[in-house]
Amino acid sequence: MPMGHTATAEAGSGGLTATEHRLDNGLRVVLSEDHLTPVAAVCLWYDVGSRHEVKGRTGLAHLFEHLMFQGSKQVHGNGHFELVQGAGGSLNGTTSFERTNYFETMPTHQLELALWLEADRMGSLLAALDEESMENQRDVVKNERRQRYDNVPYGTAFEKLTALVYPEGHPYHHTPIGSMADLDAATLEDARNFFRTYYAPNNAVLSVVGDIDPEQTLAWVEKYFGSIPRHDGKQPPRDGALPDRIGEGVREVVEEEVPARALMAAYRLPQDGSRACDAADLALTVLGGGESSRIYNRLVRRDQTAVAAGFGLLRLAGAPSVGWLDVKTSGDVEVPVIEEAVDEELARFAADGPTPEEMERAQAQLEREWLDRLGTVSGRADELCRFAVLFGDPQLALTAVQRVLDITAQEVQEVAEAHLRPDNRAVLVYEPTAPEEADEIAGGTTDETAAAITDETTGGTADEEAGK
């Protein structure tokens with residue numbers, strides 16, 4: 001039977017509680033009661049993402065996420081979706097650098113169905129995995145890459161910046177979407193070995209949050225997951241450590257058919273799970289988090305040299321995090337004008353730090369975002385899994401808000417002075433081309449080879465690749 005303990009509400013947890021358990025096969029289980037609404041969220045995190053991939057097989061983690069929805073021993077074809085949605089629930093899966101997750105939100109009385117479905121594909125996916133499903137989902141993922149990355153304006157920006165921030169050979173050098181060539185090269189045996197290695201109960205955390213009976217829920221978990229054998233062949237991911245700063249400015253100019261010039265930059269920042277990372281989050285919020293931020297006020301409102309400007313943080317636990325700057329210029333404004341203004345604002349902030357009003361506003365903004373996540377059963381289930389997988393302790397999710405509120409203005413200034421500087425950034429400059437020029441540059445190449453011309457990058461600043 002599973003072993004566990006009941007947690008009492010910790011200081012700063014807002015009264016939220018969670019209990020932790022572990023099955024004999026190594027599956028970690030986290031339960032959190034919330035009887036506000038008659039729903040329950042099931043979230044399953046596997047400790048595998050693109051950082052676990054090897055050269056020549058990028059995109060395999062994301063491809064496999066799709067394969068997990070292609071049927072298992074007792075659930076055929078699209079049955080997982082059909083059963084959950086037919087029961088009034090919702091579901092999806094996503095892949096990031098550091099994990100792959102699957103989740104359902106169900107009416108309370110359908111919780112057992114969700115647990116059975118997750119257990120069935122964890123324990124028996126190989127019974128249904130064949131060449132037909134492999135080819136089907138390979139085509140789906142390749143089409144996703146075309147639609148979301150290769151064939152949209154600025155679509156490859158994040159992938160390019162990631163490759164500049166993390167050097168060749170680094171586990172975070174490539175993004176989860178993978179390259180067309182590697183997706184083509186993946187074999188059915190690659191997928192089967194991937195499943196055997198990473199989709200084991202001792203490489204996963206299951207959280208169930210909502211209107212649940214913990215004793216009954218744990219009995220169902222033991223019933224459906226308890227007989228799945230563990231697998232101990234997983235190798236740890238390669239070391240993602242890097243110097244605190246890049247050491248020099250790195251720059252790439254991209255000439256593409258885009259609506260406007262753009263300045264994008266990525267800064268190496270402290271790893272997730274540290275006070276310094278929380279301080280960096282506050283710094284980026286003051287500088288570029290919304291229409292009240294310094295950079296937005298300077299570029300969009302005052303100078304009117306940009307139509308959009310913002311900063312975001314990609315939190316990473318196994319490598320330096322990334323601060324992402326994204327500015328779209330106004331009219332015929334040249335990028336050097338934007339870059340000079342950004343550098344002025346960053347230097348001023350590093351010298352003086354945030355004002356008390358800015359600190360209060362930034363902390364309130366991040367507090368609201370954290371409470372929004374913890375306030376829903378699906379958001380809390382995801383955060384409990386995240387802290388369990390990446391930091392070993394799901395209880396940390398319940399006190400994350402307080403840790404942000406404890407950061408001082410001096411810590412925010414120090415992290416900005418140390419990291420938000422010209423010798424610690426990769427810069428991507430987009431220069432628009434006329435449509436006929438873009439056609440000439442492309443030379444009539446197919447979508448599959450266009451990525452090689454544009455250096456392949458992902459679009460947006462999100463920290464995960466949507467699975468569906």
Side-chain angles (χ1 to χ4, degrees), residues 153-154 157-158 160-162 164-165 245-256 258-269 279-314 321-362 365-366 409 412-433 457 459-461:
Y154 317 108
F158 188 61
K160 289 182 184 294
L161 282 174
T162 298
L164 293 174
V165 170
R245 288 194 289 272
I246 297 173
E248 61 180 356
V250 182
R251 179 178 299 266
E252 182 178 339
V253 177
V254 181
E255 295 182 356
E256 286 185 1
V258 292
R261 293 187 178 96
L263 170 69
M264 300 184 189
Y267 297 78
R268 277 188 199 167
L269 293 173
D281 204 351
L282 287 164
L284 298 188
T285 302
V286 171
L287 287 164
E291 296 184 4
S292 64
S293 65
R294 288 195 184 193
I295 289 177
Y296 188 94
N297 275 317
R298 169 71 184 272
L299 299 178
V300 180
R301 287 199 170 121
R302 197 192 88 179
D303 297 351
Q304 297 184 358
T305 54
V307 295
F311 247 128
L313 176 64
L314 171 59
S321 300
V322 175
W324 167 279
L325 173 70
D326 187 348
V327 182
K328 305 298 191 306
T329 65
S330 175
D332 294 328
V333 174
E334 300 282 347
V335 168
V337 174
I338 297 289
E339 193 167 358
E340 182 179 0
V342 168
D343 284 344
E344 288 178 5
E345 293 301 322
L346 295 184
R348 185 178 298 114
F349 189 77
D352 302 331
T355 66
E357 293 77 13
E358 287 175 326
M359 275 294 291
E360 182 179 5
R361 185 166 58 244
Q365 185 172 330
L366 293 186
V412 174
Q413 179 182 354
E414 288 173 351
V415 79
E417 183 179 14
H419 296 277
L420 300 180
R421 40 193 290 169
D423 65 350
N424 184 42
R425 72 179 175 201
V427 175
L428 202 59
V429 175
Y430 276 87
E431 290 288 345
T433 61
T457 58
T461 60

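Under the 3.5 Å distance criterion, the side-chain polar atoms of His419 are left unmatched by any main-chain donor or acceptor of Asn424. Counting only distance, with no hydrogens or angles, the side chain of Arg301 and the backbone of Glu291 share a donor-acceptor pair below 3.5 Å. At distances below 3.5 Å, at least one donor-acceptor pair connects side-chain atoms of Arg245 with backbone N or O atoms of Ala418.
With Val335 as reference, Val429 is the one residue of Val427, Val253, Val429 to meet the side chain to side chain contact (heavy atoms under 4.5 Å, CB included) rule.
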Verdict with reasoning, Val333 to Arg261, per side-chain contact (heavy atoms from CB on, under 4.5 Å): CA-CA 8 Å; Val333 174; Arg261 293 187 178 96; over 6 Å; no

So Val286 and Arg294, side-chain contact (heavy atoms from CB on, under 4.5 Å) or not? Walk me through it. CA-CA 7 Å; Val286 171; Arg294 288 195 184 193; 4.2 Å; yes

Working note: Leu282 + Leu366, criterion side-chain contact (heavy atoms from CB on, under 4.5 Å); need CA distance, chi angles, decisive distance, verdict. CA-CA 8 Å; Leu282 287 164; Leu366 293 186; 3.5 Å; yes

Go through Leu287 and Leu325 one step at a time and tell me if the side-chain contact (heavy atoms from CB on, under 4.5 Å) criterion holds. CA-CA 10 Å; Leu287 287 164; Leu325 173 70; over 6 Å; no

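Salt bridge Arg425/Asp343: present, at least one basic N to carboxylate O contact under 4.0 Å.
The shortest distance between side-chain heavy atoms of Lys328 and Asp326 falls below 4.5 Å. Considering only heavy atoms from C-beta on, Tyr296 stays 4.5 Å or farther from Phe311 through its side chain.
Residue pairs meeting the side-chain hydrogen bond (donor to acceptor under 3.5 Å, both in side chains) criterion with at least one member in residues 303-312, sequence neighbours excluded, are Arg298-Asp303.
To the nearest 0.5 Å, atoms OG1 (Thr162) and CG (Leu314) are separated by 7.5 Å. Distance check: Ile246 CD1 to Arg268 CZ gives 5.0 Å after rounding to the nearest 0.5 Å. Interatomic distance, OH of Tyr267 versus CZ of Arg421, reported as 11.5 Å (0.5 Å rounding).
Nearest approach of Ser293 to Thr285, heavy atoms of both residues: CB-O, 4.0 Å. Closest heavy-atom contact between Ala426 and Val165: CB-CG2, 3.9 Å. Contact between Pro432 and Ala260 at its shortest, heavy atoms only, is CG-C, 3.8 Å. Pairing each heavy atom of Ala280 with each of Leu269, the nearest pair is CB-CD1, 4.2 Å. The heavy-atom pair separating Gly323 from Leu284 by the smallest distance is CA-CD1, 3.8 Å. Annotation for Asn297 and Ser292: closest pair ND2-O, 3.2 Å, computed over non-hydrogen atoms.
Aromatic rings of Phe158 and Trp324 (six-membered ring for Trp) have centroids within the 6.0 Å cut-off, being under it.
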